[in-house]
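Notes follow the structure.
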Amino acid sequence: MAKDEVKSILDQAADVLKANDCGHYTQPAAHLYPHQWLWDSCFTAIGLANLDIERAKMEVQSLLRGQWHNGMLPCIIFRDEAQYRTARNQWRSWVSPYAPVDLTTSGITQPPMLAQAVYSIGEKLERPERRQWYRLMYPALVSHHQWLYHDRDPHDEGLVLQIHPWETGLDNSPPWMSELHDHLMPLWIRMVEKLKLEKLVTLVRTDTKRIPVEQRSSVAESLALFDTQLRLRRKSYDIDRILDHSLFSIEDLSFNCILARANALLEEISRAIDKPLPPELTKSMKKTKKELEELWDPFSNQYYSRDFVTHRLLKTTSIATLLPIYAGIISKERAENLASLLDNPHLYGTAYPVPTVAPESVWFNRQRYWQGPTWLNMNWLIIDGLKRYGLKEQAKMLRDKTIKMVEQAGFWEYFDPISGEGLGAENFSWTAALFVDLVKSK
């Protein structure tokens, strides 16, 4: 592509980010996603750091407004306008004594991408300013990682558990939905399916008013996820009460891979400012490196999520099996084996990779949310890991295909992995931001 064409599409990406700028944070997409989401802002900040470093800092710092007193970073910080009262009341974060008193948030978290965002911004600063930036963000980072292990690793094993699929960011990913359909689907939702009332439910869904229903989670899955969220609210988001009768308690592979990388980056930040991490946190972080290997299945040569209670591997494959490449703590040989899955068109080597579910899977649906489409943030994580393992050719190939996909279709939320068609919300912030970062990181 000619230089002027590259500049033009980079300008378009910058325009998307400006249009979604809400002052101190960037909404993922107008109307459909008006609030601030945790990992959305982290990914957006990574791209913004190439355009406006001070605005990137603001994006990350604004997340700390919502940090709970126990260290949790919630997945959503809600806007306070009257029109969003229903969303705030759905979560009622104020039922927890740890929630902020001056704003409303969700009661659960999302993948711990904050360390990556802080580190990525720091890499673009001169050393004195970098150290200052790291010192500023260090307390919140440490507090969040301490919360993850204290609250979500009750057996002190090294892996943290998730209590809702929304915490993974991959809302309707097959490993979680398989458990839901096989063992955990509430009876009243099965009756909705049996009586074929899905169309009535669709009428009151907010997401399908703007996005075709076939591109979103199914009615049964959406109802079940909403029902699960209400259960968590009834227990005031107290982990001890939740684990007594939990619908979900899964040690998610993708979440723990992101945590492993976040731990490594937090260690680098700690060294850069010459401030040792708390000993108990360091001890837990070391356990994560070791315990992640317990998610490996030698028969299929893949990694899987694990049931927290039984330690049973949930052998439903998804893009999560590639995330140990991003984690960066597995052997080079195993990373190369996982990377080879990107070369197989029946697995993850589609025309517009990387599909969130392999085409050979019974779960594969090329247009349905996290059950097939390609997402820019997943590609970015995998590319980053490939580069750190020295797998430069595969990293370049995936980077080039990702850039080409966006150039052809635009800044969509996700993409058809076969045709490259844009799906979901248009003018999506992290797509624009990570596109910028991929182009600039040549």
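Residue indices begin at 1 and follow the sequence shown. Everything quoted here is computed from the prediction, not taken from an experiment.
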Compute whether any side-chain donor of one residue and acceptor of the other, for S305 and E251, lie under 3.5 angstrom apart. no

S93 side-chain N/O to T104 backbone N/O, donor-acceptor pair under 3.5 Å: no

With R79 via salt bridge (Lys or Arg N to Asp or Glu O under 4.0 Å) - residues at least two apart: E81

Give a yes-or-no answer on whether the side chains of Q371 and S173 include a donor-acceptor pair shorter than 3.5 Å. no

Would you give the length of the straight line joining atom CG of L253 to atom CG of L322, rounded to the nearest 0.5 angstrom? 9.5 Å

So, Y352 and Q408: side-chain donor and acceptor under 3.5 Å apart, yes or no? yes

Just how far is it from atom CZ of R271 to atom CG of L277, taken to the nearest 0.5 Å? 9.0 Å

Would you indicate whether the side-chain heavy atoms of P417 and F364 approach each other to under 4.5 Å? yes

Quick check for you: to the nearest 0.5 Å, what is the distance between T228 atom OG1 and I163 atom CD1? 10.0 Å

For H144, which residues count as a ring-ring contact (aromatic ring centres under 6.0 Å, His included) partner, sequence neighbours excluded? W147

Residue pairs fulfilling salt bridge (charged side-chain N to carboxylate O under 4.0 Å, His left out) with at least one residue in residues 16-32, sequence neighbours excluded: D21-R55

Can you sort out the partners of L103 under side chain to side chain contact (heavy atoms under 4.5 Å, CB included), two or more places apart, ordered by chain and number? R65, I77, P100, T105

Donor + acceptor pair across side chains of S429, N20 (<3.5 Å): yes

Salt bridge (Lys or Arg N to Asp or Glu O under 4.0 Å) involving E291 - partner list, sequence neighbours excluded: R306

Nearest atoms (heavy-atom pairs only) where T350 meets P359: CG2-CG, 3.6 Å

Would you list the pairs meeting salt bridge (charged side-chain N to carboxylate O under 4.0 Å, His left out) in which at least one residue belongs to residues 328-342, sequence neighbours left out? E293-R334, K332-E336

Would N263 and Y149 count as a side chain to side chain donor-acceptor pair (under 3.5 Å) here? Give the steps. CA-CA 11 Å; N263 285 341; Y149 285 109; 2.7 Å; yes

Less than 4.5 Å apart, side chain to side chain, heavy atoms only: is that true for I250 and L161? no

So for atom NE2, which belongs to H24, do other residues, nucleotides or ligands contribute more than 12 heavy atoms lying within a distance under 6.0 Å? yes

Does the side chain of V219 come within less than 4.5 Å of L223's, by heavy atoms? yes

Where is the tightest heavy-atom contact between Q67 and A140, given as atom of each residue plus distance? NE2-O, 3.2 Å

Residue pairs passing the salt bridge (charged side-chain N to carboxylate O under 4.0 Å, His left out) test with at least one member in residues 356-375, sequence neighbours excluded, are R366-D416

Taking only residues two or more places apart in sequence, or in another chain, which ones meet A14 in a side chain to side chain contact (heavy atoms under 4.5 Å, CB included)? L51

Check: N379 side chain, P353 main-chain N or O, donor-acceptor pair, under 3.5 Å: yes

How about W430 and W39: are their ring centroids closer than 6.0 Å? yes

Between N256 and L323, is a side-chain contact (heavy atoms from CB on, under 4.5 Å) present by the stated rule, with each step listed? CA-CA 9 Å; N256 278 280; L323 268 290; over 6 Å; no

Check against side chain to side chain donor-acceptor pair (under 3.5 Å), D297 and S300: CA-CA 6 Å; D297 175 48; S300 62; 2.7 Å; yes

Kindly say whether I108 contributes a backbone atom to a donor-acceptor pair with the side chain of H164 at under 3.5 angstrom? no

Under the ring pair (Phe, Tyr, Trp, His ring centres under 6.0 Å) rule, what pairs show up with a residue in residues 399-426, not counting sequence neighbours? Y369-Y414, W375-Y414, F411-F435

Taking the side chain as C-beta and beyond, is there a heavy-atom pair between D437 and F43 under 4.5 Å? no

For the atom pair CD (Q394) and OG (S340), what is the distance rounded to the nearest 0.5 Å? 7.5 Å

With a 4.5 Å cut-off on side-chain heavy atoms, are L225 and W166 touching? yes

Roughly how far, to the nearest 0.5 Å, is CZ of F248 from OG1 of T168? 10.0 Å

S8 and Q12: CA distance, side-chain angles, deciding distance, side-chain contact (heavy atoms from CB on, under 4.5 Å) verdict: CA-CA 6 Å; S8 174; Q12 292 172 40; 3.4 Å; yes

Does a sphere of radius 6.0 Å around CE in M58 hold more than 12 heavy atoms from other residues, nucleotides or ligands, not counting ones at 6.0 Å or beyond? yes

With a 4.5 Å limit on heavy-atom distance, are the side chains of T356 and T374 in contact? no

Report, as yes or no, whether the 6.0 Å neighbourhood of atom CZ on R135 holds more than 12 heavy atoms from other residues, nucleotides or ligands. yes

Only residue of L259, L292, D252 satisfying side chain to side chain contact (heavy atoms under 4.5 Å, CB included) with L159 is L292

Residue pair V60 / M137, side-chain heavy-atom distance below 4.5 Å: yes

Using a 4.5 Å cut-off on heavy atoms from C-beta on, say whether the side chain of N172 contacts that of W176. no

Please check: side-chain N/O of S222 versus main-chain N/O of S218, any donor-acceptor pairing under 3.5 Å? yes

Is any side-chain N of the basic residue among K396 and D400 closer than 4.0 Å to the acidic one's carboxylate O? yes

Would the number of heavy atoms belonging to other residues, nucleotides or ligands and lying under 6.0 Å from CD of E393 be above 12? no

Looking at E268, I'd like to know if its CD atom is crowded, meaning that more than 12 non-hydrogen atoms belonging to other residues, nucleotides or ligands lie closer than 6.0 Å. yes

If we ignore hydrogens and angles and just use 3.5 Å, is the side chain of R399 paired with the main-chain N or O of L438 as donor and acceptor? yes

With a 3.5 Å distance limit and no angle check, can you tell me whether Y134 reaches the backbone of V118 through a side-chain donor-acceptor pair? no

According to side chain to side chain contact (heavy atoms under 4.5 Å, CB included), who are the partners of N427, at least two apart in sequence or on a separate chain? V16

With Y84 via ring-ring contact (aromatic ring centres under 6.0 Å, His included) - residues at least two apart: H35

Could you tell me if S62 and Q36 have a donor-acceptor pair between their side chains, going purely by distance under 3.5 Å? yes

Residue K287 excluded, over 12 heavy atoms near NZ under 6.0 Å: yes

If a pair satisfies salt bridge (charged side-chain N to carboxylate O under 4.0 Å, His left out) and one of its residues is in residues 119-129, list it, with sequence neighbours excluded. K57-E129

So is R130 actually on top of Y119's ring, under 6.0 Å and inside 45° of the axis? no

Any luck finding a side-chain donor-acceptor pair between E221 and H181 under 3.5 Å? yes

How long is the gap from OG on S41 to CD on Q27, to the nearest 0.5 Å? 10.5 Å

